[in-house]
Amino acid sequence: MKKRRLSLAENVNLLIIAITLGVSLVMMAVNAFTYRRAILDPYTWKLRTLEVQTGEFVPCMDCFMQYMGTEDLRQAVASIDPESSNGNTAFIEWMEAQPSYTADDPEYGRSNLFLDWISLELSLEELMEKIDLDESCIELAKDGSVYRLAHEQKPERFTPDVEFGLEETYLPLPPSELASPTLVNLEDEYLLTRCVSFPLEGGEGRIWLTYNMTEAITDHRGFLLRSILYVVVLTLAASLVSIHLLRRYVTNPIRSLAQAATEFEPGEDGSYSADKISRVELRSDNELGDLSREIRSMQTRIVENTDKLTRMAAEKERIHTELTMATRIQEGMLPNSFPPYPNRMEFDLFASMTPAKEVGGDFYDFFLIDDDHLALVIADVSGKGVPGALFMMVSKTILKNSAMAGKSAAEILSMTNELICSNNKMEMFVTVWLGILEISTGVITAANAGHEYPALMKNGRFELYKDKHGFVIGGLEGMRYREYTMQLEKGDKLFLYTDGVPEATDANGELFGTDRMIEALNACAAKSPKGILIDVKRAVDAFIGSAEQFDDLTMLCIEYRG
C-alpha cells in the first residue's frame with residue numbers, strides 16, 4: 001500500500017524528468033540544426049560554389065612535376081639547414097638555376113623556377129582571398145609520393161626552405177571522398193575541406209581549400225553542454241519541488257481519503273455504522289476537495305440505504321411469513337383429502353390448485369348437500385395474490401352456504417351475485433361453474449357464470465361441452481342464470497378447469513389452448529381422475545418450459561361409476 005502511494009509522486013517526477021530529457025534532446029536537435037544552418041551551411045555553400053580555374057596552376061605544376069623525385073631536387077632540399085638563417089640559400093639558388101616553363105616566352109618576364117613558384121604562391125593567395133579561406137595547400141602526387149608545393153595559412157606564410165618537399169598528404173583521407181565540402185575531425189581540429197583534383201603529366205595535382213571550424217564548434221558545444229547542465233539542474237530542482245508539493249497537496253490528502261475509505265467497513269452483522277463515516281474534510285475547491293465531500297456523502301447514503309434495506313428485509317420477511325400463513329389457510333379452505341368419500345363407490349373425484357403467486361384467486365369445492373346430491377364448484381377470481389385470495393374465500397363461503405340452503409344451481413349463482421354486488425367496492429368479479437350431481441341417476445344440473453366450457457368424456461373420448469354462459473358473479477346486480485342438465489353414464493368423466501390451463505404461455509408467447517388440452521385429456525382418458533390431472537399438469541409444464549407461470553392452474557375431475 002505504501003509503495004502504491006509513493007508511486008504517484010515518483011511517476012510524476014519521472015514524467016518531469018522524461019519531459020526534461022525530451023526538451024534537452026529537442027534543444028540539441030534545434031542547436032544542431034541552427035548551427036548547421038547558421039554556420040556550416042554558408043561556408044559549405046562558399047566552398048561548393050567556388051570555381052577553381054585549374055588552368056592557372058597546371059603549367060607551373062607540370063614544370064615542377066619534372067623535378068619531383070629527381071636526384072638534383074633531393075640534394076637541394078638536403079642542403080637546407082633549418083637552424084641557419086641563411087640555410088635556404090643553396091635551395092633558392094638551385095631553383096633560380098632551373099629554367100621556367102615560360103623561359104622561351106618573354107611576355108611573362110619569368111626566366112627560372114623560383115619566379116614560377118612566386119607566381120604560384122600569388123595565385124594561391126588570390127584564390128584564398130576570394131572566399132576568405134583559412135587555409136589552402138597545393139600538392140603533387142607522383143609515383144605514390146606526395147610533394148608539398150605551396151601552403152598558405154592565415155596569418156602564417158609558407159616557407160619553402162622548411163616545408164617544401166616530400167610530405168604526407170594534407171588530410172589522411174582519399175581526395176575523392178572530399179570532392180564535396182566535408183567536415184573532418186583531425187585530432188583537436190574541425191576542418192571544413194574541399195579537394196580539387198586534376199591530372200598532370202606523370203601524376204596528379206591537388207588543391208586543398210579549408211575553413212577551420214574548430215572555434216565555432218567548440219563554442220557551440222560549450223553552449224549546448226551549459227544549456228543541458230542548466231536544464232538538468234532545473235529538472236532536479238523542479239523534481240524536488242514537485243515531490244514536496246505532491247506530498248502536501250496530493251499524496252497526503254489521498255492517503256487520508258484512502259484510509260477513511262478503508263476504515264468504512266461493515267460490522268459483523270453486515271450493517272454500516274454512522275460512526276465510521278469519513279471525518280476527512282479537504283477545504284479546497286479542486287477535485288480532491290470534491291472527492292472528500294463525495295466520499296462522505298456516499299458513505300452517508302450507504303448507511304441510510306443499509307438501514308432502509310434492513311427494514312425492507314425485515315418487512316419482506318414479515319410479508320413472506322404472512323403469505324406462507326395465508327397459503328396454508330387457503331390450502332386448508334380447499335378440500336385436499338383424497339379420496340374425499342372413501343365409502344361412496346358411485347363416483348371418484350380428484351382436484352388440484354397450483355397458484356401463480358403465494359396465494360391464488362382460483363378455487364374449487366365439492367360437498368354433499370345430502371346423501372344423493374353432490375355439489376361441484378370451480379371458480380376464477382379476477383384478481384391475484386392476497387386480494388384475490390380474500391375475494392375467493394368470501395365467494396366460496398357464500399356459494400357453499402347458498403347451496404346448503406337447498407337452492408338450485410341458478411338460484412345459488414343469483415344469490416351469490418346479489419350478496420357480492422352489494423358490497424364490492426374493489427369492483428372485483430369471479431367466474432363460476434356450479435353443478436349439482438344427483439348421485440342415484442347421474443344427472444347434473446349446472447349453471448355457468450362466465451366460466452370456461454367443461455370437458456365431458458363419453459364413449460372414451462373427451463370433448464368440450466359448450467354450455468350456455470351467464471354473466472360473471474359480482475359484475476352486475478339483478479342477474480338471473482339459466483340451468484341446464486347433462487346425463488352421466490357409467491364410466492363417464494367430467495373435467496373442470498380455470499383459464500390458467502388453456503392460457504398457459506410458453507417463452508414465445510404461444511398459448512397452450514383448448515385443443516392441446518383436449519388432446520392431453522384423450523391421451524390419458526382411461527386413467528383415474530387423479531392420473532388425468534397429473535398428466536394434464538405434466539403436459540402444460542412441458543409446453544411452457546422455462547417460462548414463468550402467469551396464472552393460477554386449477555382442475556377438477558369426477559368419474560361417475562353408477
Side-chain angles (χ1 to χ4, degrees), residues 47 50-82 86-131 133 135-154 156-171 174-176 178-179 193-210:
L47 283 180
L50 175 64
E51 295 183 4
V52 180
Q53 302 297 332
T54 57
E56 299 178 4
F57 300 91
V58 169
C60 181
M61 294 173 70
D62 272 335
C63 184
F64 271 98
M65 184 68 75
Q66 299 175 11
Y67 297 99
M68 294 301 171
T70 62
E71 184 64 28
D72 290 343
L73 181 58
R74 282 197 294 270
Q75 290 179 1
V77 173
S79 66
I80 298 175
D81 184 5
N86 297 322
N88 62 352
T89 302
F91 178 73
I92 299 297
E93 290 176 352
W94 179 85
M95 291 184 69
E96 289 176 344
Q98 309 305 320
S100 168
Y101 74 92
T102 61
D104 298 332
D105 188 355
E107 181 181 352
Y108 288 93
R110 297 197 298 270
S111 60
N112 56 53
L113 193 60
F114 182 73
L115 292 177
D116 287 343
W117 177 82
I118 294 291
S119 176
L120 187 65
E121 283 288 318
L122 292 175
S123 298
L124 185 60
E125 183 176 348
E126 182 181 354
L127 184 62
M128 290 183 64
E129 289 177 353
K130 280 186 179 181
I131 56 173
L133 290 171
E135 192 171 351
S136 185
C137 175
I138 296 178
E139 293 179 344
L140 296 176
K142 181 180 180 181
D143 300 331
S145 299
V146 177
Y147 297 89
R148 185 72 52 82
L149 190 61
H151 192 176
E152 291 290 342
Q153 188 174 8
K154 295 191 306 186
E156 301 176 0
R157 303 291 294 179
F158 178 70
T159 54
D161 57 340
V162 176
E163 300 181 35
F164 185 91
L166 185 63
E167 295 283 348
E168 292 183 0
T169 185
Y170 179 71
L171 290 177
S176 59
L178 302 174
T193 301
R194 175 189 172 192
C195 181
V196 179
S197 301
F198 48 90
L200 297 173
E201 293 183 6
E204 181 185 53
R206 301 170 184 171
I207 300 177
W208 297 89
L209 310 172
T210 301

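Computed from heavy atoms alone, side chains included, the values below leave out hydrogens, waters and symmetry copies.
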In Å and rounded to the nearest 0.5 Å, what is the CD1 to OG distance from I138 to S123?
-> 8.0 Å
Hey, are the side chains of P199 and E204 touching, using non-hydrogen atoms and a 4.5 Å cut-off?
-> no
Side-chain heavy atoms of E139 within contact of W208, under 4.5 Å | yes
Y67 versus D72: any side-chain heavy-atom pair under 4.5 Å?
-> no
Are any of the side-chain heavy atoms of S100 and S111 separated by less than 4.5 Å?
-> no
In terms of heavy-atom contacts, M68 and K142 come closest through O-NZ, 3.1 Å
Please step through side chain to side chain contact (heavy atoms under 4.5 Å, CB included) for the pair T210 and S136, ending with a clear verdict.
-> CA-CA 6 Å; T210 301; S136 185; over 6 Å; no
Minimal heavy-atom distance between A150 and E121, with the atoms involved, is CB-OE2, 2.8 Å
Check the pair D116 / Y101 against side chain to side chain contact (heavy atoms under 4.5 Å, CB included), numbers first and verdict last.
-> CA-CA 8 Å; D116 287 343; Y101 74 92; 3.4 Å; yes
Please step through side chain to side chain contact (heavy atoms under 4.5 Å, CB included) for the pair L127 and L50, ending with a clear verdict.
-> CA-CA 9 Å; L127 184 62; L50 175 64; 4.0 Å; yes
Count the heavy atoms belonging to other residues, nucleotides or ligands that lie under 6.0 Å from CD of E201, then report whether that count exceeds 12.
-> no
Atom pair CD (Q98) and CG (N112), whose distance is rounded to the nearest 0.5 Å = 9.0 Å
Rounded to the nearest 0.5 Å, the CD atom of E125 sits from the CG atom of L133 at a distance of 12.0 Å
Would you indicate whether E71, at its atom CD, is surrounded by more than 12 heavy atoms from other residues, nucleotides or ligands within a distance under 6.0 Å?
-> yes
Given T193 and L209, is the side chain to side chain contact (heavy atoms under 4.5 Å, CB included) satisfied, shown in steps?
-> CA-CA 6 Å; T193 301; L209 310 172; over 6 Å; no
What heavy-atom pair brings M61 and F198 nearest, and what distance separates the two atoms?
-> SD-CZ, 3.6 Å
Which of L149, L115, L120 passes side-chain contact (heavy atoms from CB on, under 4.5 Å) with C60? Answer is L120
In Å, rounded to the nearest 0.5 Å, how long is the span from CD of E96 to CH2 of W117?
-> 11.5 Å
Over all heavy atoms of both residues, which pair between P99 and C63 is shortest? Give the atoms and the distance, please.
-> O-SG, 4.2 Å
Can you tell which of V196, L178, V146 makes a side-chain contact (heavy atoms from CB on, under 4.5 Å) with R206?
-> V146
Mind checking the CE-CG spacing from M65 to L140? Nearest 0.5 Å is all I need.
-> 4.5 Å
Spacing of L122 atom CG and E56 atom CD [to the nearest 0.5 Å] = 11.5 Å
